[in-house]
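Since the structure comes first, as structure tokens, the remarks are kept for the end.
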Amino acid sequence: MTTPLETGLSAARKKDHGATLAALLTAFRANRHPRVAALVAQASELAEKGRPAIAGKNLDHKLTAAIALLEAGDPADLPRVLRLLRELRLAQAKTLVEHLAAVKSDPRVLDAALALLRDPPLVSSTAMPLWRALLNVLEAQDDPRTVPALSALDFSWLSEWGAEQFRGACARVGRPKKGKAEAARPEPTLGADDEAACAALEEALGHTTGDGTSLLAAIRAAPYDDAARAVWADWLEEQGDPRGRFVAVQLATATRAPTDEERKAMRDLLAAHGEAWLSDLVGVVRPEYTRFARGFLAEVGIGGDQLHRLVESEHAATLETLWLHGHDAFDPALLHRLPALRFVGGIEPAWFADLDRHGPFPFPGLGLDLYGALPYGDEPLSTAQHAMLAEAGALRSTFPAVERVAISAFSRDPALLEGLLASPLVAGVRELRLSGSRVKSWLDRRHLLPDSVQELEVSFDFGFHDWTHRFFRDAEGRFSRLVATLRPKRSDFGGGKLEELAEVLDGLPTDLLVEIEVHADGTRVTKGALDPIVEAARRHPGLRKLSLPGRPDALAGATATAKAPPTRAEKAAVAWTAATTAIAGKLAGTRLPDGVRAALAATNWNDAPSLDAARALLPTKADPAWVEAALLLVSVPLHPEPAEGVRTAHDALQRAAIAAYGRAQLPQPFTGLRPFVDAVGAYSFDQVLQGDHALVGPDELGSFLDWFETLGVSDANRIYYTVKDILRERRSTAVVADVADRMANHKLNRVHKWAYGVLVKDG
């Protein structure tokens with residue numbers, strides 16, 4: 001009679017990985033030996049290849065899909081179901097674990113559970129129901145490896161009370177069932193025939209993956225040699241692995257722009273398999289900094305305290321760019337264990353001394369984050385900050401091979417740029433990137449730039465848009481080519497911020513500028529938005545190329561003029577007058593009583609008493625007639641050079657107008673406000689919400705929290721205390737429990753901690 005191990009061996013030799021896995025699971029259930037468990041894991045990896053991660057519009061859809069896969073009963077689907085546990089919220093994860101109870105004894109369940117418990121996605125004591133459900137599943141699995149594995153776990157991520165509860169629950173897993181005498185469980189053994197079958201299976205499965213393993217080893221030994229990558233891509237495609245296609249396309253487009261078809265293929269493959277390729281780094285690295293190049297993970301952003309996870313992963317050998325985030329300390333010695341690393345960014349002054357002790361480092365690229373260590377705005381640098389800049393410059397001895405330096409620092413003190421440009425760190429670099437400095441600041445000091453700098457990038461966040469200017473030196477040593485890139489934060493390409501580039505062009509010597517490129521990054525270009533740039537460019541007779549979105553011939557038929565351009569202040573004043581005149585005209589057409597319309601239309605928008613008088617006209621109760629007028633009042637721009645007291649009066653008027661607009665949407669003020677809230681931003685809305693919580697109606701708490709979940713950490717932090725006040729007012733056990741659950745994985749997890757604290761306090 002053929003045994004399950006022999007059946008599995010026959011299937012492995014035919015490369016029928018699904019049949020091999022099924023046979024090995026049967027063998028494990030008959031004899032739960034660790035060697036058979038290891039074979040199951042090996043066969044499972046092969047059987048799962050090519051299967052995409054579980055997809056869905058939201059987590060509920062993913063949960064439904066996972067349960068359907070469990071019910072279908074294909075054992076090759078189990079790993080992707082188990083991986084989903086890291087994504088789900090508390091209640092969803094508990095539901096999925098309860099469905100795992102129907103899975104027959106499978107060693108992969110214990111392996112996945114241990115991975116979760118070593119690095120849990122949910123660490124508060126409110127997650128105890130989930131962990132108890134998981135332990136119940138492990139108890140039913142009856143895997144002899146369970147008790148010693150649980151005994152070795154460290155529960156320091158829990159509170160003292162939670163850890164004690166967890167240890168007790170783990171101890172119960174190994175106890176005999178009620179009514180059964182406690183007896184020593186015999187260790188599973190393998191007979192001579194089974195030992196031989198296991199050895200043959202290990203060889204067969206090893207042969208199946210042997211070529212791939214050796215190719216991977218060759219790639220990791222020489223990460224910049226693409227020949228092995230190309231061979232590995234061919235081998236993967238022969239195995240039917242979709243990553244083969246991904247590697248091949250990325251190699252083909254490494255030195256040229258991809259076609260639309262290639263770009264779509266890479267995007268679709270990453271969407272379907274990116275998480276599987278990231279493997280154990282899912283949830284550890286920041287998605288916005290994650291980039292694959294030539295088929296392998298090449299760039300990541302990660303917290304300093306998680307760097308060891310990256311170093312211990314399979315991606316360590318091929319990683320090229322590393323961004324450190326947060327203020328958590330890290331072990332600089334770990335950087336030496338990233339052999340392909342060429343750039344490390346996010347370095348903070350607090351780490352300088354540790355880096356010096358573990359240097360030198362061979363990386364050609366270095367990024368410094370000096371934002372938190374320097375004053376914001378016009379405040380002059382202190383003695384300590386000057387000393388810190390000197391320490392930054394001295395990093396040249398720690399990074400002797402550096403050729404590319406990126407520095408993030410916002411300060412208008414001239415000593416900042418002067419100190420950096422004259423430092424040993426910048427001497428000898430070929431590429432210099434300055435983030436947070438206005439272009440004019442470096443233009444005034446370009447004579448300080450070392451001759452070695454061939455490319456200079458200056459970027460600045462102007463609120464609605466991010467401007468990046470890249471200047472290139474020509475063969476004669478002049479900065480003769482400018483590539484200016486605008487990354488809009490709103491849907492329209494315009495909003496008056498394009499005048500900033502026009503001002504930059506006017507500030508450049510006319511013999512300096514040769515080419516300009518402005519990229520809209522796919523954003524819609526509003527009519528006339530590019531005119532200020534075209535007019536400014538025409539004042540540069542040496543300009544040969546002006547490339548603008550939708551205007552490839554922007555200089556066609558143009559003649560240079562020496563007419564002096566208006567100053568930025570003059571242009572701003574003209575724009576302000578036009579905007580306020582237009583608003584006054586629109587107010588005259590609203591549904592308000594004649595006297596109110598006339599009073600508003602006659603308002604002097606640069607006079608504090610006049611603004612206060614306009615604010616006094618706003619209703620304190622819901623009045624639908626004010627919807628349009630309130631919206632217009634919110635859009636009144638602040639004068640570019642406001643008179644005394646105008647800024648305060650202007651802000652008070654806007655807050656009152658937002659509140660009036662929100663009250664007009666009753667009985668659902670927040671839902672009615674939502675498009676407007678998205679436009680004015682979280683911070684502006686919070687200023688109003690602090691004085692009028694009724695803007696979030698009784699039935700709108702769910703919609704309000706959905707909106708809160710979409711905010712970035714900075715905006716969420718600003719509105720956090722108002723959110724807490726509203727929750728405190730509407731408090732019920734059901735509401736707070738729901739908040740604790742849904743906010744468990746929010747970027748700002750203070751809300752989750754607060755809600756959990758309320759639950760504990762209320763019992």
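Keep in mind that the numbers below use all heavy atoms, side chains included, and drop hydrogens, waters and symmetry copies.
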**Q.** CG on Leu319 to CD1 on Ile302, rounded to 0.5 Å
**A.** 9.0 Å
Q: Check whether any side-chain heavy atom of Thr321 sits under 4.5 Å from a side-chain heavy atom of Tyr289, and report yes or no.
A: no
**Q.** Side-chain touch Leu307/Leu322, heavy atoms, less than 4.5 angstrom
**A.** yes
Q: Might you confirm whether atom CD of Glu314 has over 12 heavy atoms from other residues, nucleotides or ligands at distances under 6.0 Å?
A: yes
**Q.** Heavy-atom neighbours of Arg80 CZ exceed 12 at 6.0 Å
**A.** yes
Q. Which atoms form the tightest heavy-atom contact between Leu134 and Ala113, and what is the distance?
A. CD2-CB, 3.9 Å
**Q.** Leu278 vs Val284, side chain to side chain contact (heavy atoms under 4.5 Å, CB included): CA-CA, chis, key distance, verdict
**A.** CA-CA 10 Å; Leu278 275 176; Val284 178; over 6 Å; no
Q. Heavy-atom distance under 4.5 Å between the side chains of Leu25 and Pro107, does that happen here?
A. yes
Q: State the CD-OG1 distance between Glu275 and Thr290, to the nearest 0.5 angstrom.
A: 10.5 Å
Q: Could you walk me through whether Val344 and Leu324 pass side chain to side chain contact (heavy atoms under 4.5 Å, CB included), step by step?
A: CA-CA 8 Å; Val344 56; Leu324 295 166; 4.2 Å; yes
Q: Enter the distance from Arg108:CZ to Gln141:CD here, rounded to the nearest 0.5 Å.
A: 10.0 Å
Q: Taking the side chain as every heavy atom from C-beta outward, state whether Leu269 and Val249 have any pair of such atoms under 4.5 Å apart.
A: no
Q) So which heavy atom on Thr20 is nearest to which on Ala43, and how close? A) CG2-CB, 4.1 Å
**Q.** Steps toward side chain to side chain contact (heavy atoms under 4.5 Å, CB included) verdict (His273, Phe246)
**A.** CA-CA 10 Å; His273 308 286; Phe246 180 75; over 6 Å; no
Q) How far does CH2 of Trp277 sit from CZ of Arg243, to the nearest 0.5 angstrom? A) 6.5 Å
Q.
Does any part of the side chain of Val311, heavy atoms only, come nearer than 4.5 Å to the side chain of His308, both counted from C-beta?
A. no
Q: Drop me the distance from Glu87's CD to Lys62's NZ, to the nearest 0.5 angstrom.
A: 4.0 Å
Q. Under a 4.5 Å cut-off applied to non-hydrogen side-chain atoms, are Leu281 and Leu310 in contact?
A. yes
(Q) Can you give me the closest heavy-atom contact between Ala37 and Phe28, atom names plus distance? (A) CB-CE1, 3.8 Å
Q) For Trp323, is the NZ or CZ atom of Arg286 found under 6.0 angstrom from the centre of its six-membered ring and inside 45 degrees of the ring axis? A) no
Q.
Determine whether a donor-acceptor pair (N or O, by modelled atom type, separation under 3.5 Å) exists between the side chain of His315 and the backbone of Phe296.
A. no
Q) Between Arg29 and Ser105, what is the shortest heavy-atom contact and its length? A) NE-O, 2.7 Å
(Q) Main chain of Leu63, side chain of Gln92: is a donor-acceptor contact present, judged purely on distance under 3.5 Å? (A) no
Q: For residues Leu130 and Leu90, report the shortest heavy-atom separation together with the two atoms involved.
A: CB-CD1, 3.7 Å
Q) Is there side-chain contact between Leu82 and Leu100, with at least one heavy-atom pair below 4.5 Å? A) yes
Q: Could you walk me through whether Asp77 and Ile54 pass side chain to side chain contact (heavy atoms under 4.5 Å, CB included), step by step?
A: CA-CA 10 Å; Asp77 286 326; Ile54 295 174; over 6 Å; no
Q.
Are Leu21 and Val40 packed together at the side-chain level, in the sense that at least one heavy-atom pair is separated by less than 4.5 angstrom?
A. yes
**Q.** Pairwise distance CZ(Arg245) to CD(Glu262) - rounded to 0.5 angstrom
**A.** 7.0 Å
**Q.** Donor-acceptor under 3.5 Å (Thr146 side chain, Asp142 main chain)
**A.** no
Q: Indicate the atoms forming the closest heavy-atom contact of Leu341 with Glu320, along with that distance.
A: CD1-O, 3.5 Å
Q: Measure from the side-chain N and O atoms of Ser44 to the backbone N and O of Ala41, and report whether any donor-acceptor pair falls under 3.5 Å.
A: no
